Amino acid sequence: MTQYWLIKSEPFKFSWDDLVRLKKDHWDGIRNFQARNNLKAMKKGDICLFYHSNEGKEIVGLCQVVTEHYPDPTDDTGKWVVVDVVPIKPFKRFVTLAEIKATPALADMALLKQMRLSVAPVRAEEFDYLLKLGETTL
DNA sequence: GCCAACGTTGGC
DNA sequence: GCCAACGTTGGC
């Protein structure tokens, strides 16, 4: 069963456009245990919403997990992991944080409940709703 | 740039 | 094992 996730990145560090340009990249730099556990729970084929934090504050596109977790090459301690993702397609219409907050059906999203969690699960019904808001289909 | 929220660390 | 201090994230 496909699981849905939301992954955050600050666009000036690593943006949607960067991922599109690279075609594929490992999602690194996660240094939070809960986020790491979520990374470890990701399965090949899972779908991720790409969210721009700090600047933009909106969901900009869809990507897919192509390689399940392996040790983070930028980490010496051996504690942290990365996954590989590829872009699928951008949202036709970006979905902003303000919009998510203003939508009762999305009020329970982990994104809102735990703002600092950079890798968060998304429920299927939330995912469907977001796709609709983004005027995009898989 | 500020600050609130929250996760992590380390002293006891 | 508690909790204060500290660091980081991310919205505003």
Side-chain angles (χ1 to χ4, degrees):
Chain A
M1 193 193 116
T2 305
Q3 175 66 47
Y4 304 105
W5 307 93
L6 181 142
I7 54 181
K8 289 187 194 177
S9 181
E10 301 186 33
F12 42 87
K13 280 189 197 149
F14 187 78
S15 70
W16 170 259
D17 289 338
D18 292 329
L19 181 61
V20 170
R21 187 153 29 80
L22 290 171
K23 302 258 197 310
K24 166 179 162 180
D25 198 30
H26 49 265
W27 201 260
D28 66 8
I30 298 298
R31 295 292 183 272
N32 169 291
F33 288 107
Q34 230 182 318
R36 184 197 64 176
N37 291 341
N38 289 335
L39 281 182
K40 286 189 169 179
M42 283 185 181
K43 296 276 180 264
K44 189 175 173 178
D46 281 0
I47 307 294
C48 304
L49 295 157
F50 196 117
Y51 174 82
H52 278 168
S53 64
N54 237 314
E55 206 149 290
K57 284 170 289 180
E58 56 200 1
I59 297 170
V60 295
L62 294 167
C63 49
Q64 185 164 36
V65 178
V66 290
T67 312
E68 291 176 21
H69 68 91
Y70 58 92
D72 187 337
T74 66
D75 166 43
D76 295 329
T77 68
K79 283 200 296 190
W80 307 106
V81 300
V82 299
V83 298
D84 286 348
V85 293
V86 295
I88 300 173
K89 61 166 75 166
F91 265 20
K92 208 160 163 195
R93 183 178 158 275
F94 296 167
V95 179
T96 65
L97 180 64
E99 207 176 343
I100 293 167
K101 278 186 174 169
T103 305
L106 302 174
D108 278 339
M109 282 191 68
L111 172 70
L112 301 181
K113 292 280 150 101
Q114 279 174 278
M115 295 214 296
R116 299 191 47 200
L117 190 58
S118 49
V119 181
V122 177
R123 289 200 280 268
E125 58 269 26
E126 293 165 346
F127 182 78
D128 290 342
Y129 203 99
L130 287 164
L131 274 190
K132 234 177 278 171
L133 286 180
E135 293 172 10
T136 304
T137 51
L138 254 185

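Chain letters run A, B, ... following the sequence lines, proteins first, then strands; residues in each count from 1. This one's a predicted model, so the numbers in the text were calculated from it and none came from an experiment. The analysis underlying the following values was restricted to heavy atoms, covering all of them including side chains, and did not include hydrogens, waters or symmetry mates.
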Keeping the roles fixed (side chain from [X], backbone from [Y]), state whether a donor-acceptor pair exists under 3.5 Å.
X: A:His52; Y: A:Val60; value: no
X: A:Lys43; Y: A:Val65; value: no
X: A:Lys92; Y: A:Thr137; value: no
X: A:Asp18; Y: A:Ser15; value: yes

Mind checking if A:Asn32 touches a base, just sugar-phosphate, or nothing, with heavy atoms under 4.0 Å?
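A:Asn32: backbone/sugar contact only, no base atoms under 4.0 Å.
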
Please give, in whole Å, the distance from [N] [atom2] to [X] [atom1]?
X: A:Leu97; N: C:dG11; atom1: CG; atom2: P; value: 6 Å
X: A:Ile30; N: B:dG7; atom1: CD1; atom2: P; value: 14 Å
X: A:Trp80; N: C:dT8; atom1: CH2; atom2: P; value: 13 Å
X: A:Glu99; N: C:dG11; atom1: CD; atom2: C1'; value: 17 Å
X: A:Glu58; N: C:dC12; atom1: CD; atom2: P; value: 13 Å
X: A:Glu55; N: B:dG1; atom1: CD; atom2: C1'; value: 14 Å
X: A:Ile100; N: C:dG10; atom1: CD1; atom2: P; value: 14 Å
X: A:Arg36; N: B:dG7; atom1: CZ; atom2: P; value: 15 Å

Under-4.0 Å side-chain N/O to phosphate OP1/OP2 contact, [X] with [N]:
X: A:Tyr51; N: C:dG11; result: yes
X: A:Lys8; N: C:dT9; result: no
X: A:Lys13; N: C:dG10; result: no

So which of residues 105-117 of chain A are in contact with DNA chain B, with a heavy-atom cut-off of under 4.0 Å?
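The answer is A:Gln114, A:Arg116.
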
If you find the nucleotide of DNA chain B closest to A:Asn54 and the one closest to A:Lys79, which residue's nucleotide is nearer the 5' end?
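Between the two, 5'-proximity favours A:Asn54.
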
Tell me which nucleotide among C:dG10, B:dT9, C:dC12 gets nearest to the side chain of A:Ser118.
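Looking only at heavy atoms from C-beta outward on A:Ser118, the closest nucleotide is C:dG10.
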
Side chain of A:Lys101 only, heavy atoms from C-beta on: which candidate in C:dG11, B:dT9, C:dG10 is closest?
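Between C:dG11, B:dT9, C:dG10, the one nearest the side chain of A:Lys101 would be C:dG11.
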
From the options A:Val95, A:Leu111, A:Leu62, select the one residue that forms a side chain to side chain contact (heavy atoms under 4.5 Å, CB included) with A:Leu49.
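The option that passes is A:Leu62.
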
Is there side-chain contact between A:Leu22 and A:Phe14, with heavy atoms separated by less than 4.5 Å?
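Yes, their side chains come closer than 4.5 Å.
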
Using a strict threshold of under 4.0 Å (side-chain N to carboxylate O), is an ion pair present between A:Arg31 and A:Asp72?
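Yes, charged N to carboxylate O under 4.0 Å.
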
